[in-house]
There are 2 protein chains.
Amino acid sequence: NMQFAVLGLGRFGISLVRELSRMGLDVLGVDSDPNKVNLVKDIATYAVEADSTDEQVLKTLGIRNFDVVVVAIGENVQSNILTTILLKDMGVPMVVAKAQNNLHGRVLEKIGTDLVIYPERDMAIRVAQSLVTKSVLDHINLSSEYSIVEMITPDLFVGKTLRESNIRERHQVSIIALKRGDEIIVNPTPDQSILAKDILVVLGKIKHLDKLSDL
Amino acid sequence: NMQFAVLGLGRFGISLVRELSRMGLDVLGVDSDPNKVNLVKDIATYAVEADSTDEQVLKTLGIRNFDVVVVAIGENVQSNILTTILLKDMGVPMVVAKAQNNLHGRVLEKIGTDLVIYPERDMAIRVAQSLVTKSVLDHINLSSEYSIVEMITPDLFVGKTLRESNIRERHQVSIIALKRGDEIIVNPTPDQSILAKDILVVLGKIKHLDKLSDL
Ligand SMILES: Nc1ncnc2c1ncn2[C@@H]1O[C@H](COP(=O)(O)OP(=O)(O)OP(=O)(O)O)[C@@H](O)[C@H]1O
Ligand SMILES: Nc1ncnc2c1ncn2[C@@H]1O[C@H](COP(=O)(O)OP(=O)(O)OP(=O)(O)O)[C@@H](O)[C@H]1O
């Protein structure tokens, strides 16, 4: 069972704790502000009031045993960077950090952050694009009619090619990609055969996707 | 030419100004903090130091003539809400506002905001999902190999059906949707004919997409 820690419980950190916990995962939430800690008491698996730049604190929390630690401290760029350095030094396998701006982001990359995130910038770009063009992709993503979902292959398709399963005609959806273990096959051809544990990426109307997952 | 105004130049507001301006659009940037105004002087079409809760100021700026106004004020929830109310009262056709949390968002919806955004929350949800499952969609979106793009129909395909153009075999990409005016056709069938001004939504390897847009 994957173990997550989120250091810094601003809007981003708190939403991350909420979503991970909703997905049924173990999440530790940490903030130096007791009010923030209080907000996640009932959502996080554990909520601790602490200063994440304190190496002793991180050791006490056993932070190196976590699979993923997210540094969601914002305005205090120095604390954000220092915390990140400590985490990498202590051997945390995956460190995700939120960057305040491009320069901060470059520093984070230089010090070995596994994933640097720019939440406000990335959302602004998506919002700008959806305000300017009625993007078809946004329509697919945001429309209440269509969706793109991943699902385990229904038994019905196992051992057949896409052409043999005739999915588009019979089920009115299209398989835009499939995943087999670590391999991802995008735009599979009609000759692509489907195996028992394949994960299908399916595009179609929600009512048709629902029917498919009932198979 | 669409006219945008962004009120509040925090990380989200500033990225929005940057992206809209990169797209070649007219953007007015407003902030009560002269340092923020200074940051956008060379990016925005106009940058003004002003308090967006001041109705007289909004009138002087001719804010009602803007097509889209984005309220990107953050911590000061009261100013965010007041600004939004003034904009709707003055008849701005599309008002977009950033919400600090769910309660703030509900108030914004009640007062007629056209689009309420939760940048930190929405990014946290996407990050949580991509950390937990090596999502095929993220792989497609984030992979340096594949992409999903929209493009104007190359002349080569005009007046033919998808089957006749044989796009998947000849060009190694798939058309997952097409847009004709306001109509969007998802999962077009092989019999779908393509017209001159159609916009195609194409999924494939970037090198193949590039070849396609050279047609
Ligand atoms: N050294 C630290 N140790 C633990 N928590 C910290 C530390 N420094 C800052 N924080 C916490 O990090 C949280 C997020 O920081 P801040 O509010 O500055 O960022 P933000 O970018 O505005 O956040 P968001 O945009 O996610 O709301 C705050 O709740 C703050 O108390
Ligand atoms: N009444 C106002 N008129 C104009 N600008 C304002 C007003 N109130 C706040 N602002 C500006 O709005 C900007 C964004 O607000 P703030 O920094 O509180 O939000 P934030 O949510 O932390 O922003 P972000 O997450 O986008 O960085 C600030 O630059 C601030 O000066």
Side-chain angles (χ1 to χ4, degrees), chain A residues 2 4 10-20 22-23 25 68 70 72 94 96 100-101 115 117-125 127-129 131-137 139-140 143 145-146 148 150 168-169 172-174 176-179 182 184 186-187 189-190 199 201 203-205, chain B residues 2 4 10-20 22-23 25 68 70 72 94 96 100-101 115 117-125 127-129 131-137 139-140 143 145-146 148 150 168-169 172-174 176-179 182 184 186-187 189-190 199 201 203-205:
Chain A
M2 274 180 101
F4 291 81
R11 291 160 300 187
F12 179 78
I14 230 181
S15 301
L16 196 52
V17 168
R18 198 167 277 142
E19 180 65 8
L20 291 169
R22 186 197 68 81
M23 290 170 152
L25 298 156
V68 184
V70 182
M94 176 145 194
V96 179
Q100 192 76 342
N101 53 52
L115 178 64
I117 303 171
Y118 302 82
E120 302 83 4
R121 182 197 73 177
D122 289 357
M123 273 302 279
I125 292 174
V127 168
Q129 292 180 351
L131 286 175
V132 173
T133 66
K134 190 151 169 284
S135 148
V136 180
L137 281 178
H139 176 89
I140 296 175
S143 145
E145 237 193 335
Y146 287 97
I148 297 179
E150 294 184 21
R168 190 180 295 229
E169 272 201 44
Q172 287 114 31
V173 299
S174 71
I176 61 174
L178 74 94
K179 181 174 163 191
D182 280 336
I184 299 180
V186 183
N187 280 345
T189 64
I199 294 186
V201 183
L203 164 63
K205 285 193 182 182
Chain B
M2 273 179 103
F4 291 82
R11 291 160 300 188
F12 179 77
I14 230 181
S15 301
L16 198 50
V17 168
R18 199 167 277 141
E19 180 65 7
L20 292 169
R22 186 197 70 79
M23 290 169 151
L25 298 156
V68 183
V70 181
M94 174 142 198
V96 179
Q100 193 77 341
N101 55 52
L115 177 64
I117 302 172
Y118 302 82
E120 303 82 5
R121 181 197 75 176
D122 288 357
M123 272 302 281
I125 292 174
V127 169
Q129 293 180 351
L131 287 175
V132 173
T133 66
K134 190 149 168 287
S135 149
V136 180
L137 281 177
H139 175 90
I140 296 174
S143 146
E145 238 193 332
Y146 287 96
I148 296 180
E150 295 185 21
R168 191 179 293 228
E169 272 202 44
Q172 286 114 28
V173 300
S174 71
I176 62 175
L178 73 94
K179 182 175 165 188
D182 280 337
I184 299 180
V186 183
N187 279 346
T189 65
I199 294 187
V201 184
L203 163 64
K205 285 195 182 181

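Letters A, B, ... mirror the listed sequences (proteins, then strands); counts begin at 1.
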To the nearest 0.5 angstrom, please state how far the CE atom of A:M23 sits from the CD1 atom of B:I125.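 The CE atom of A:M23 sits 9.0 Å away from the CD1 atom of B:I125.
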Does some side-chain heavy atom of A:M94 sit less than 4.5 Å from a side-chain heavy atom of B:L131?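 The answer is yes; the side chains approach within 4.5 Å.
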pair A:M123-B:I117: side-chain heavy atoms closer than 4.5 Å: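 Yes; the side chains approach each other to less than 4.5 Å.
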Tell me, for [X] versus chain B, whether the close heavy atoms (under 4.5 Å) come from the side chain, the backbone, both or neither.
X      : result
A:L25  : side chain
A:D122 : side chain
A:V96  : side chain

For [X] against [Y], the heavy-atom pair lying closest together:
X      : Y      : result
B:L20  : A:A128 : CD2-CB, 3.8 Å
A:V127 : B:L16  : CG1-CD1, 4.3 Å
B:N187 : A:G204 : ND2-CA, 3.8 Å

Kindly write out the residues that satisfy salt bridge (charged side-chain N to carboxylate O under 4.0 Å, His left out) with B:R11, not counting sequence neighbours, or none if the list is empty.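 Applying salt bridge (charged side-chain N to carboxylate O under 4.0 Å, His left out) to B:R11 gives A:E120.
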If you count heavy-atom pairs under 4.5 Å between each of A:Q100, A:R168, A:R121, A:E169 and chain B, which one has the most?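 Option with the greatest count: A:Q100.
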